[in-house]
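Working notes for the structure below.
It should be emphasised that the depicted structure is a prediction, and the values quoted were computed from it without experimental measurement.
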Amino acid sequence: MSDLRDLYQEVILDHNKRPRNYRALAPATHHADGHNPLCGDKVTVYLDIHDGIIQDIAFQGSGCAISTASASLMTEALKGKPVAAVEHLFEEFHDVVTGMAEPSPTLGKLTILAGVRDYPARVKCATLAWHTLRAALENQAQPVSTE
């Protein structure tokens, strides 16, 4: 169990220090803002979607290590995927980090965030980028909040 916890911390710290796809995306076909008032995390998710495929995805913002790492891992997992697959992946990820389901191989690297289930206050940090992604896909103008 210690090795798994060490790996969790290593991946979180790596993606926090060197987040992947951390940039504004221009032109973006979709974007949305999100905020986690409890922790102070703020994120903007940008998408470039053509023919139902996420051609590019990026994010910007400020937040805790878990929020930043989750957004970074999310962008890696979704780039090149069909929009139709996003909702299923969102639900699966949400169920895993809230402790409602065990991780499956379809989550790939996102499985590492299953560790937040042991820290309920951090679940909102891990899911902020995902809720913001949903808002971007729905062209929601109002910022989303995890509260």
Check your understanding: Thinking salt bridges, do E87 and K81 make one under a 4.0 Å N-O criterion?
Key -> no

Which heavy atom of [X] sits nearest to which heavy atom of [Y], and what is that distance?
X    : Y    : value
L47  : I54  : CD2-CG2, 4.0 Å
P37  : T146 : CD-OG1, 4.1 Å
A24  : Y46  : CA-CE1, 3.7 Å
A136 : V45  : CB-O, 4.3 Å
I57  : R23  : O-NH1, 4.0 Å
P103 : L107 : CA-CD1, 4.4 Å

Quick one: [atom1] on [X] to [atom2] on [Y], what's the gap to the nearest 0.5 Å?
X    : Y    : atom1 : atom2 : result
D41  : N36  : CG    : CG    : 4.5 Å
M100 : E92  : CE    : CD    : 12.5 Å
T29  : L137 : OG1   : CG    : 9.0 Å
D95  : E102 : CG    : CD    : 11.0 Å
L73  : I66  : CG    : CD1   : 11.5 Å

Polar side-chain atom of [X] near backbone of [Y] as donor-acceptor pair, under 3.5 Å:
X    : Y    : value
R20  : R18  : yes
R117 : A101 : yes
T132 : L128 : yes
S72  : T68  : no

Would you say L110 and W130 make side-chain contact, with heavy atoms under 4.5 Å?
-> yes

inquiry  = Any heavy-atom pair between the side chains of I49 and H30 that's under 4.5 Å?
reply    =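 The answer is yes, as the side chains (C-beta and beyond) meet within the 4.5 Å cut-off.
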
Are there over 12 heavy-atom neighbours, none belonging to [X], within less than 6.0 Å of that residue's [atom1]?
X    : atom1 : value
E147 : CD    : yes
N139 : CG    : yes
K79  : NZ    : yes

Notebook entry, point to check: Do Y22 and F59 have ring centroids that are under 6.0 Å from one another?
Noted result: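 That pair passes the under 6.0 Å test.
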
